[in-house]
Amino acid sequence: MIATTKGLEHIVMGDSTISLVAGETGGLVLRGFDIKEVARRASYEDIVHLLLYGEPPTAAQSADLRQRLLARRAIPGPAAAVLDALPPGLPPLDALRTLLSALGDGAYPYPPTVEQGLDLIARTPTLLARYVRRSRGLPPVAPRPDLSHVANYAWMLSGSVPTSAQSDALETYFVLLADHGMNASTLALRVVISTESDLFSAATAALGALKGPAHGGAPSRVSDMLDAVGSSERAEEYIRRELDARRRLYGFGHRAYKTDDPRALILRDLAPEVAEPARLKLAGSVERVALDELHRRRPQQRLYTNVEYWSAVVLEGVGLSRDMFTPTFAAARTAGWTAHALEQAADNRLIRPDVRYVGPPAGRRWPEELARRGPA
Ligand code: ACO
């Protein structure tokens, strides 16, 4: 009898030096650096260096990488033409899927390189900002070379420079979301790279996986849930009704973490710096009630708050519309995707698992009336 594991849970598909997700203890480590150490201290650009090269940059390398990212912010002509041809009502996440594909214009052969990855990382925010503004009937905002990668993203989206609190919160969000072990989108990316396909095809596949509400599609649903609850007094009634109806609560539960998701704790701590006090109070009440109910009803499942819950509150606080939550997650994750693409290609073997066949036994005869020829 072949052993199978639904959802590949606990299957270890290889070695990686990029990030450690310690699900039992609630730890996340990027190339040896505890997420708590870097979340509020490192810039996103330096985390890109850490993930792509394996080490934090020296001061000179840091300046150099900033420059290389900055030089790539503009969108190439063919991708801009695709962007301008998109129907304006498309959700930004669907637009981004097409735009990542459009970036892969034949100039990015396998194997992936750091330079290709920097194109992906630098251009994703510009594509997103330009598409979103266009779909709202607004003119594009040109990148500003004096702003960091993350502050420039906020600038290109809104046309105003973010406050230092907003910029710092968004930067922390980008660092926290930069990489996270063998999650579903990273696996999708590595499967594509393992076939010796190109980085942009792999990133397009990864984005498709990220979109789903079981993965990166959850935070806008968290905002919807907070709206539906409306006030702290109604939290208990709402949560009970959802769980009685056997619906999942977005922003809770995680395949890896059986305790607090460390990213959620960091975002919860910084949320007061950007969130509206009333929203913060509501989010806190809903979280408390949800955890109480989940622990009471399903103690053995060990369900805790995941990163998406407080992401929603923080991203609302920095002024992002909810249709931009998952695209912004993708923009942050381009760093991790690139690191995994490089790691996969450096020691590649086709990723091709098996499946246990449990269909009808062999030996069935094809119906005569459907046969193209007589019996074999
Ligand atoms: N609310 C209510 N019940 C839940 C939740 C939840 N958020 N999460 C899990 N459960 C229940 C499941 O219904 C299941 O019960 P069952 O055995 O009676 O069917 C049990 O707990 C175990 O859940 P699994 O499905 O085995 O958990 P899995 O590891 O497959 O899924 C997942 C993890 C997808 C994140 C799940 O917890 C979930 O759907 N959460 C809500 C969506 C969400 O917040 N996604 C973002 C994840 S973070 C990220 O990807 C960046």
Side-chain angles (χ1 to χ4, degrees), residues 4-11 19 21-24 26-28 30 35 39 93 172-189 206-226 228-229 235-236 238-268 283 286-315 322 325-337 340:
T4 64
T5 309
K6 197 171 174 193
L8 301 181
E9 188 169 13
H10 302 311
I11 299 291
S19 58
V21 177
E24 286 295 327
L28 171 59
L30 302 181
I35 197 67
L93 189 59
T172 301
Y173 172 84
F174 265 65
V175 170
L176 287 174
L177 275 290
D179 193 54
H180 200 247
M182 195 47 58
N183 57 83
S185 59
T186 299
L187 174 63
L189 169 120
L207 188 72
L210 188 74
K211 180 182 179 184
H215 188 10
S220 59
R221 291 166 170 90
V222 171
S223 290
D224 294 344
M225 174 175 77
L226 294 178
V229 175
E236 204 164 299
Y238 178 93
I239 295 293
R240 288 193 172 157
R241 198 178 58 228
E242 290 299 293
L243 293 176
D244 286 348
R246 303 195 70 76
R247 284 192 283 269
R248 291 187 179 207
L249 302 175
Y250 292 105
F252 297 91
H254 197 278
R255 172 61 63 81
Y257 293 119
K258 299 304 164 202
T259 179
D260 290 314
D261 177 336
R263 301 165 300 172
L265 298 183
I266 293 167
L267 289 172
R268 186 168 67 194
V286 172
E287 183 188 36
R288 273 190 300 280
V289 172
L291 290 175
D292 281 354
E293 281 297 313
L294 287 169
H295 293 165
R296 190 173 64 77
R297 293 176 188 229
R298 296 179 167 275
Q300 71 290 3
Q301 309 290 359
R302 297 190 287 162
L303 299 167
Y304 288 82
T305 318
N306 67 46
V307 65
E308 302 286 42
Y309 189 82
W310 288 100
S311 290
V313 180
V314 167
L315 294 179
R322 46 192 87 162
F325 290 178
T326 305
T328 301
F329 182 169
R333 187 53 62 82
T334 52
W337 287 343
H340 280 273

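Numbers here simply count residues along the sequence, with the first being 1. Just so you know, ligand 1 is whichever comes first in the structure, and atom 1 is the first atom listed for that ligand. Hydrogens, waters and symmetry mates play no part in the numbers below; they use all other heavy atoms, side chains included. Fair warning: this is a prediction, and the values are worked out from it, not measured in the lab.
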- Task: Taking Tyr250 for its side chain and Ser220 for its backbone only, find out whether a donor-acceptor pair lies under 3.5 Å.
- Result: no
- Message: Distance alone, cut at 3.5 Å: any donor-acceptor contact between the side chains of His10 and Thr5?
- Response: no
- Message: Among all protein heavy atoms in this structure, tell me which lies nearest to atom 50 (O) of ligand 1, with the distance rounded to 0.1 Å.
- Response: His215 ND1, 2.9 Å
- Query: Is it true that a side-chain atom of Ser19 and a backbone atom of Gly181 form a donor plus acceptor pair closer than 3.5 Å?
  - Reply: yes
- Message: Among all protein heavy atoms in this structure, tell me which lies nearest to atom 19 (O) of ligand 1, with the distance rounded to 0.1 Å.
- Response: Arg248 NH2, 4.6 Å
- Among Arg221, Lys6, His254, closest by any non-hydrogen atom to atom 48 (S) of ligand 1: His254
- Task: Closest by any non-hydrogen atom to atom 21 (O) of ligand 1: pick that one out of Arg247, Glu308, Gln301, Arg333.
- Result: Gln301
- Does Phe329 approach ligand 1 within less than 4.0 angstrom via side chain, backbone, both or neither, non-hydrogen atoms only? side chain
- Message: Using a strict threshold of under 4.0 Å (side-chain N to carboxylate O), is an ion pair present between Asp292 and Arg240?
- Response: no
- Message: Quick one: does any side-chain atom of His254 pair with a main-chain N or O of Leu303 as donor and acceptor, under 3.5 Å?
- Response: no
- Nearest protein heavy atom to atom 16 (P) of ligand 1, by residue and atom, and its distance? Arg298 NH1, 3.7 Å
- Query: So which heavy atom in the protein is nearest atom 41 (C) of ligand 1, and how far is it from that ligand atom?
  - Reply: Phe252 O, 3.4 Å
- Message: Looking at ligand 1, is there an atom of it that comes within less than 4.0 Å of some heavy atom belonging to Arg246?
- Response: yes
- Message: For atom 39 (O) of ligand 1, is there a protein heavy atom at a distance under 4.0 Å?
- Response: yes
- Query: With a 4.5 Å limit on heavy-atom distance, are the side chains of Val313 and Leu267 in contact?
  - Reply: no
- Item | Side chain Arg333, main chain Gly216, donor-acceptor under 3.5 Å | no
- Message: I need the nearest protein heavy-atom contact for atom 35 (C) of ligand 1: residue, atom name and distance, please.
- Response: Gly253 O, 3.7 Å
- Query: Can you tell if the side chain of Asn306 reaches within under 4.5 Å of the side chain of Tyr257, non-hydrogen atoms only?
  - Reply: no
- Who's closest to atom 3 (N) of ligand 1 heavy-atom-wise, of Leu303, Asn306, Ile239, Thr326? Leu303
- Query: Are any of the heavy atoms in Leu294 under 4.0 Å away from ligand 1?
  - Reply: yes
- Identified side-chain contact (heavy atoms from CB on, under 4.5 Å) partner of Leu176 from the options Ile266, Val314, Val307, Asp261: Ile266
- Nearest protein heavy atom to atom 6 (C) of ligand 1, by residue and atom, and its distance? Leu249 N, 3.6 Å
- In ligand 1, the atoms that come under 4.0 Å of a heavy atom of Ala218 are 43 (C), 44 (O), 45 (N), 46 (C)
- Thr305 side chain to Trp310 side chain, donor-acceptor N/O pair below 3.5 angstrom: no
- Item | Check against ring-ring contact (aromatic ring centres under 6.0 Å, His included), Phe329 and His180 | CA-CA 12 Å; Phe329 182 169; His180 200 247; 9.1 Å; no
- Task: Run the numbers for me: atoms of ligand 1, each under 4.0 Å from some heavy atom of Pro213, listed by number.
- Result: 42 (C), 43 (C), 45 (N)
- Query: In the protein, what heavy atom is nearest to atom 29 (O) of ligand 1, and what distance, to one decimal place, separates them?
  - Reply: Arg255 NE, 2.8 Å
- Measuring from the heavy atoms of Gly251, does anything fall under 4.0 Å of ligand 1? yes
